[in-house]
> 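Let me begin by handing over the structure; questions about it come next.
We count residues from 1, following the sequence as given.
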Amino acid sequence: PHRSRPLYGFPGPRRRIEFATRLPRSAGDRQEVFVTEQNFFFDKWNREAPKFDKVMDALPPDRLDYRPAAGSRSAAEMVTHLAREQELLVRMLETGRIEYEDAPAQDFGKMRALWKKSTDELRSRLEKLDDAGWKRPVQFFMGGKQINETTTDEMLWGFLLDMIHH
């Protein structure tokens, strides 16, 4: 497996990162607060997840075959892709492995339910994730073949950025 350059994240030494963030205590009053990378991720993930819900809820059932460009995923394929990614992340936190397979569009109602269930489960697990779990090694498989090994944090960031990108 390729270890020198992670599939998601940047090459280089692993280290704990703290972010200095200014959070208002009241109008006009700001205080400097240090936030761990894990808490920063969780905040960003929590802000993005409801946006996906809004988009999925707004999809017209009669237009799920819509593709923004030739070769792009259809709306139904994108919902399937996003729901399956959330499910993969839940499994990754259990097993330390991702076994990725690109799936064709599946029933929209079932994928919408899978998105909600997996997102709720992922949120619950992320809230309980300790530092050791955040840096736990993860193996990434595609087509039964290991193509990468990285850490939980890098995989979570990579999947979040991938979902936003779509």
> Would you please test Glu94 and Arg125 for salt bridge (charged side-chain N to carboxylate O under 4.0 Å, His left out) and show each step?
CA-CA 9 Å; Glu94 290 173 2; Arg125 288 173 186 250; 3.0 Å; yes
> Hydrophobic cluster membership, with links at side-chain heavy-atom distances under 4.5 Å among I/L/V/M/F/W/Y: are Met78 and Val55 in one?
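Cluster IDs for Met78 and Val55 differ.
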> If the test is side-chain hydrogen bond (donor to acceptor under 3.5 Å, both in side chains), which one of Asp57, Asp107, Thr80 qualifies with Arg112?
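Only match with Arg112 under side-chain hydrogen bond (donor to acceptor under 3.5 Å, both in side chains): Asp57.
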> Show your reasoning for whether side-chain contact (heavy atoms from CB on, under 4.5 Å) applies to Asp53 and Thr119.
CA-CA 10 Å; Asp53 285 322; Thr119 298; 5.7 Å; no
> For Ala75 and Leu59, which heavy atoms make the closest approach, and how far apart are they?
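What the structure gives for the nearest pair is CB-CD2, 4.1 Å.
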> What's the shortest heavy-atom distance between Trp115 and Ala83, and which atoms?
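Closest heavy-atom pair between Trp115 and Ala83: N-CB, 3.9 Å.
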> Say whether Phe141 and Phe159 are linked into one hydrophobic cluster, either directly or through other cluster members, by side-chain heavy-atom distances under 4.5 angstrom.
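No; Phe159 is not reachable from Phe141 via cluster members.
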> Measure the CG-CG distance between Leu122 and Leu93 for me, rounded to the nearest 0.5 Å.
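Atom-to-atom, Leu122:CG and Leu93:CG are 6.0 Å apart.
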> Report the residue from Asp153, Asp130, Thr151 that forms a side-chain hydrogen bond (donor to acceptor under 3.5 Å, both in side chains) with Lys135.
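Looking at Asp153, Asp130, Thr151, the match for Lys135 under the side-chain hydrogen bond (donor to acceptor under 3.5 Å, both in side chains) is Asp153.
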> Between Leu114 and Gln106, does the side-chain contact (heavy atoms from CB on, under 4.5 Å) criterion hold? Intermediate values first, please.
CA-CA 11 Å; Leu114 178 63; Gln106 296 174 15; over 6 Å; no
> Is it the case that the side chain of Arg67 and the backbone of Ser72 share a donor-acceptor pair, with hydrogens and angles ignored and the cut-off at 3.5 Å?
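Yes, Arg67 side chain to Ser72 backbone: donor-acceptor pair under 3.5 Å.
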> Considering non-hydrogen atoms only, spot the tightest contact between Tyr100 and Met142 and give its length.
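Residues Tyr100 and Met142, closest heavy atoms: CD2-CE, 3.6 Å.
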> Between Arg91 and Glu87, does any NZ, NE, NH1 or NH2 come within less than 4.0 Å of an OD or OE carboxylate oxygen?
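Yes, charged N to carboxylate O under 4.0 Å.
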> Step by step, would you call Met111 with Arg84 a side-chain contact (heavy atoms from CB on, under 4.5 Å)?
CA-CA 8 Å; Met111 289 300 99; Arg84 293 289 180 205; 3.5 Å; yes
> In Å, rounded to the nearest 0.5 Å, how long is the span from CD of Gln38 to CD of Glu127?
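The CD atom of Gln38 sits 11.0 Å away from the CD atom of Glu127.
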> For residues Met163 and Trp45, report the shortest heavy-atom separation together with the two atoms involved.
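Residues Met163 and Trp45, closest heavy atoms: CE-NE1, 4.4 Å.
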> Does the side-chain contact (heavy atoms from CB on, under 4.5 Å) test come out yes or no for Leu88 and Met155, once each step is laid out?
CA-CA 11 Å; Leu88 285 172; Met155 199 62 73; over 6 Å; no
> Quick one: do Leu161 and Phe40 end up in the same hydrophobic cluster if we chain Ile, Leu, Val, Met, Phe, Trp and Tyr together by side-chain heavy atoms under 4.5 Å apart?
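No; tracing contacts between hydrophobic side chains, which count when under 4.5 Å, never links both residues.
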> Mind checking whether Trp157 and Phe41 have parallel, tilted or perpendicular rings, split at 30° and 60°?
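Perpendicular.
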> Any heavy-atom pair between the side chains of Arg73 and Asp102 that's under 4.5 Å?
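Asp102 reaches Arg73 side chain to side chain.
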> Taking all non-hydrogen atoms of both residues into account, name the closest pair between Arg136 and Gly96 and its distance.
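The pair with the smallest heavy-atom distance is NH2-N, 3.3 Å.
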> Does Lys44, at its NZ atom, have more than 12 non-hydrogen atoms belonging to other residues, nucleotides or ligands within less than 6.0 Å?
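Result for NZ/Lys44: enclosed.
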> According to a hydrophobic-cluster definition based on side-chain heavy atoms being under 4.5 Å apart (Ile, Leu, Val, Met, Phe, Trp, Tyr only), do Val79 and Leu64 belong together?
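Same cluster.
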> Are more than 12 heavy atoms, taken from residues, nucleotides or ligands other than Glu101, located less than 6.0 Å from that residue's CD atom?
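No, the 6.0 Å shell around CD holds no more than 12 heavy atoms from other groups.
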> Are any side-chain N or O atoms of Ser124 and backbone N or O atoms of Asp120, one a donor and one an acceptor, separated by less than 3.5 Å?
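No, Ser124 side chain to Asp120 backbone: no donor-acceptor pair under 3.5 Å.
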> Does a side chain donor of either His81 or Glu77 reach within less than 3.5 Å of an acceptor in the other side chain?
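The answer is no; no qualifying pair exists.
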> Looking only at heavy atoms, what is the nearest atom pair of Ile164 and Phe52, with distance?
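Of all heavy-atom pairs spanning Ile164 and Phe52, the closest is N-CZ, 3.9 Å.
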> With rounding to the nearest 0.5 angstrom, report the CG to CD distance, Asp43 to Glu48.
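Spacing of CG (Asp43) from CD (Glu48) equals 10.0 Å.
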> How many angstroms lie between CD in Gln146 and CZ in Arg97, if you round to the nearest 0.5 Å?
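Spacing of CD (Gln146) from CZ (Arg97) equals 7.5 Å.
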